Each structure stands twice: as C-alpha cells, then as structure tokens.
2 protein chains.
Amino acid sequence: MIWERPEPGERRAVRLSREAVTAAAMALADAEGLEAVSLRRVAAALGTGPMRLYGYLDSKDDLLDLMMDAVCGEIPPPPPGDWRGELRAIARDTQRTARRHPWYVTLLGTRQPYGPNGLAYSERLFAAVARLGLPARLTVHAVDAVRAYIAGFLQLELLPGPEAEPGEEKLAYLARSVATGKYPTLAWIIAEFEAVGPEEAFAEGLERVLDGIAAARPGAP
Amino acid sequence: MIWERPEPGERRAVRLSREAVTAAAMALADAEGLEAVSLRRVAAALGTGPMRLYGYLDSKDDLLDLMMDAVCGEIPPPPPGDWRGELRAIARDTQRTARRHPWYVTLLGTRQPYGPNGLAYSERLFAAVARLGLPARLTVHAVDAVRAYIAGFLQLELLPGPEAEPGEEKLAYLARSVATGKYPTLAWIIAEFEAVGPEEAFAEGLERVLDGIAAARPGAP
DNA sequence: TATCGTGTCGATACGCTGTATCGAGAAGGG
DNA sequence: CCCTTCTCGATACAGCGTATCGACACGATA
C-alpha cells in the first residue's frame, strides 16, 4: 500500500550520534532499569529502527561500554588535597553517581572501564594513592583494595536488601530463618541492619580500608 | 505418525529434584559460562523439555538462587582460630571457590545470598568479626567492609583484564591510550599490572582491610 | 475390577531479544 | 543525466522465558 511507504525525501530524517544513542540508552536505564535497555527500545526512543544503531555500534556490548564510560565522566575529579581526602571525595562522589544510575553498579561488575573517562577515573585513584609514596607494587595493592571496596559496597548496597519496599516478605523470611537459632551471630546483629544508613556505613568501612593503607607505609611486605 | 508418539508407560521417565536441576545448571555454567544457562539447555541436559523444570522452580531466578546457594555451600567453614585467621581463611576459600565457578562472582553482584548456605556463610563472617568484641554497629561496618572487599576484588579479578589471552588487542589499546600522556600515574604503574599475581594481590589488599578493622578497636566513632 | 478425579508432563505458542542479510533509495561525482 | 557508493531499515532467524492447555499415568473410590 502506498500509504505506508515513506514519501521520498523523508528518509534522511535526523543525523544521530554515539552521544545521542548513549543518552537515550541511559535515560531508558534510569527510568526502567538496565534490563529494559534493548536495541529495539533505544532505537524506538530515537524514532527509528534497531538496525539504525549498527551504524554507530558494532554490538550491544559497545552500547554498554559507552554507557559505562559516560557515567565515569559524571564522577567529578576530587579537589586537590592529601591522599586520604582525595580518596574520600572520589569514593563519595562515586557513591552519589551510582545512586543516580543504579545500573552503573551492574556494569561495574561486568566490564572494565577502559574508555577515556574510565581511564581518567583510574588515573585519579592512582594519583591519590601515589601521594603516599609507597613503592609501585604496594600502590597497586592499595588501589585494588579501595576499588574493590567501592565496587563491592555499592554492589551490596544497591542489591534489593531486606529493607527494600516489597521486601516485607523477604524480611519476614529472614526473620523466620534466623529464628531457627542456626545463625546466632546474625540474630544478634540483625537489628542493626536497618539502623545504619548506607551513607554512613559506606564512609565507615572506607575509613577501615584507608586506615589499613596508612598502616602499610613504613616497610610492610 | 504413531512412531513419534511415545509408547504408553514411557512417560514417567525419571524423577528429578531441585538438586539434580541445580547440578545440571552448574555443570553447564562451569563449562560454557552463565549466559549458556537457559531453561531449555538445562532441561535438555536432563533429557527433558523446558517446562518440566517449572515443577521444581517458579522462574529462572529461582534457579540462579539455587546455584548461588549451592556455591555458598562449597565454601568450607574456617578452622577455629582468632578473628583475623578466620577471616583470612574465609576470604581465601571464597576466592578458591570463585575460581572454580567464575559465574558465582556474577551472581554475587546480582542477588542476595539468602539461602541456608548463604546465611551460614554470613554467620561465619559475623562470628569471626564478633570475636573482636566491637559494639554491634562497628561489627556490621567491619563485616560490610570485608564482604565488600571480597566481592569487589573477585569481580575485578574475574573481569577479562588486560592480561586476558585474546586481550592482546585490548592491551595494545591500553598502551596506546597511556602513551597519550593523559594518564601519567597509570603509565608509571602499568608495568606492575602483570607482575602481581591475583592470589597475592587479594591477600595483600585483605590485610589492609583487616588492619583497618583492627585499628577500630579502641574507641573509634 | 472398573471408573473417576488428580496431578504431572511437555507440545505449542507468544512476545521478546540480538543481529545477519539484503533490497530500496538518497547523495555525490563524472 | 546517469552511475556509483553509501546509508537506511524491513524482513528474517534462532534463541530466550514462560502462559496455556490437552493428554496421559497414577491413586483412590465404587
């Protein structure tokens, strides 16, 4: 039917860009979660079909890499200071950014941040720790520890925990499990779970890691 | 055609069990990765169709929960000792187990270990830290820090890093990026990346976290 | 023993995914 | 004005999770 065929000239619609594609994908992920990001839906948000995107990407993995790097670019550089202050700032801003884009944490556990913004983020981490003047090998260890702590904590934080809204049922299940008496220490501690805000817990744990790094200064192995 | 229809009596083939289903799924994940685990393929490995599994599961998520808990059950309890030794043992055995089932790390970042084995694992973590005699709140923070470190490190370790086999290209890309001079600290440190074995790095970073916990003893905030 | 309810099994189907293929059409150079 | 070249996107394919439902085997009842 003629009515369905596009009128000549309407074809070249709008020039896209990787940035536009990435932005559309991020908006979708923010609104409906990472699993809602499909090439079809991203393309639809841009008013086109899925195959159009293959002009800007080689695969969906490319899109996820772009999204990850875009988020890395949203994490601001720390104001210059001592190593501890810089690491604190980086960690805090990473947590804030992750809260804005919860799906970032999932990506964090899935792919390496090798884009320009991701490398810049790594550079900042290493630069902060390097201020300590540790030998290179210890510096790597320290950065690994901080990075692992950040990634791991955000992961655990953003997982639907016992305090989740519809987790009422999950919390009841937990209570029932603990009531069996098989987990005495858990039982003792479980009341604290909800009492501690994630911000505070994140900062507290980070201090533990930083203390450990500071203790590595003299001539540790 | 009659030939295709099963002869009566052949229907009730083999009684399955959640354990059997889980084992099949784990074998598949070990052999071909987590993304190869589909209800169709698991069912095929058991000589049946996908819908059969819904007698044992409500959804695929259930299967992933079962797999996660099964792995938690493979991590042995630490031999009794002081808090530091127990945490070290738990961390080491977690790393070993994760190496046997790399997909476990992915699940670790995706869902809570609320099964019986997962709770037992948590219990052991809390019990070890509880030996320190910290107030409940600090104990939670310390456990969070350790758990975050373990989860984060394994995540980063099992990501295909620059040392990956086909990563030759990725490594070249990294070298090119660093050669731009935009990442001076990265450039200084990058030679260390391959020099450090993951075992050693994991243990070293863990010591940093443990030092931090030990430092929290007196009367920290 | 014959019959009926009950519960399990799995074939079929639906809507979704990522992406390979390829024909149609616009853009630019001769 | 025609022909080449590149871009676009419709169509198609294999695979996914799972809802539906008819067919069958089993256990209890008459």
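The structure displayed is predicted, hence computed values, not measured ones. Letters A, B, ... are given to chains in the order of the sequence lines, protein chains preceding strands, and every chain is numbered from 1.
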| query | If you look at every heavy atom in A:I90 and A:P78, which pair is closest and at what distance? | reply | CG1-CG, 3.7 Å
| field | side-chain N/O B:T48 vs C:dC9 OP1/OP2, d < 4.0 Å | value | no
| message | For A:T48 versus A:R52, what's the shortest heavy-atom pair and its separation? | response | OG1-CB, 3.3 Å
| Taking CG from B:D62 and P from D:dG17, how many angstroms apart are they, rounded to a whole number? | 13 Å
| task | Check the distance between C:dG7's P and B:Y56's OH and give it to me in whole angstrom. | result | 16 Å
| message | Are more than 12 heavy atoms, taken from residues, nucleotides or ligands other than B:R99, located less than 6.0 Å from that residue's CZ atom? | response | yes
| request: Mind listing the residues from residues 18-37 of chain A sitting with a heavy atom below 4.0 Å of DNA chain D? Number order is fine. | output: none
| task | Measure from CE on B:M51 to P on C:dC9 and round the result to the nearest Å. | result | 12 Å
| field | Interatomic distance where CG belongs to A:L39 and C1' belongs to C:dT19 [whole Å] | value | 8 Å
| note | Testing D:dG17, D:dC16, C:dG18 for proximity to the side chain of B:K60, the answer is D:dG17
| query | When you check the gap from the basic side-chain N to the acidic O, do A:E204 and B:R137 get nearer than 4.0 Å? | reply | no
| field | Candidates D:dG17, C:dT17, C:dT19 - which lies nearest the side chain of A:S59 | value | C:dT19
| query | Measuring from A:Y104:OH to A:M26:CE, what's the distance to the nearest 0.5 Å? | reply | 10.5 Å
| Among the nucleotides C:dT19, D:dG9, D:dG17, which one has an atom lying closest to any side-chain atom of A:R52? | D:dG9
| request: May I ask you to decide whether A:K182 forms a salt bridge with B:E123, counting only side-chain N to carboxylate O separations under 4.0 Å? | output: no
| field | Between C1' of C:dT21 and OH of A:Y54, the distance in whole Å | value | 13 Å
| note | With the side chain defined as heavy atoms from C-beta on, A:P50 is closest, among D:dT18, C:dG18, C:dT19, to C:dT19
| query | What residue pairs, at least two apart or across chains, pass salt bridge (Lys or Arg N to Asp or Glu O under 4.0 Å) with a residue in residues 63-72 of chain A? | reply | A:D65-A:R111
| field | Nearest-Å distance for atom pair CG/P, residues A:L53 and C:dG18 | value | 10 Å
| task | Measure distances between side-chain N and O atoms of A:R40 and base N and O atoms of C:dG18, and say whether any donor-acceptor pair falls under 3.5 Å. | result | yes
| query | Rounded to whole angstroms, how far apart are CG on B:D61 and C1' on D:dT18? | reply | 13 Å
| message | Rounding to an integer number of Å, can you tell me how far B:L16 CG sits from C:dC9 P? | response | 8 Å
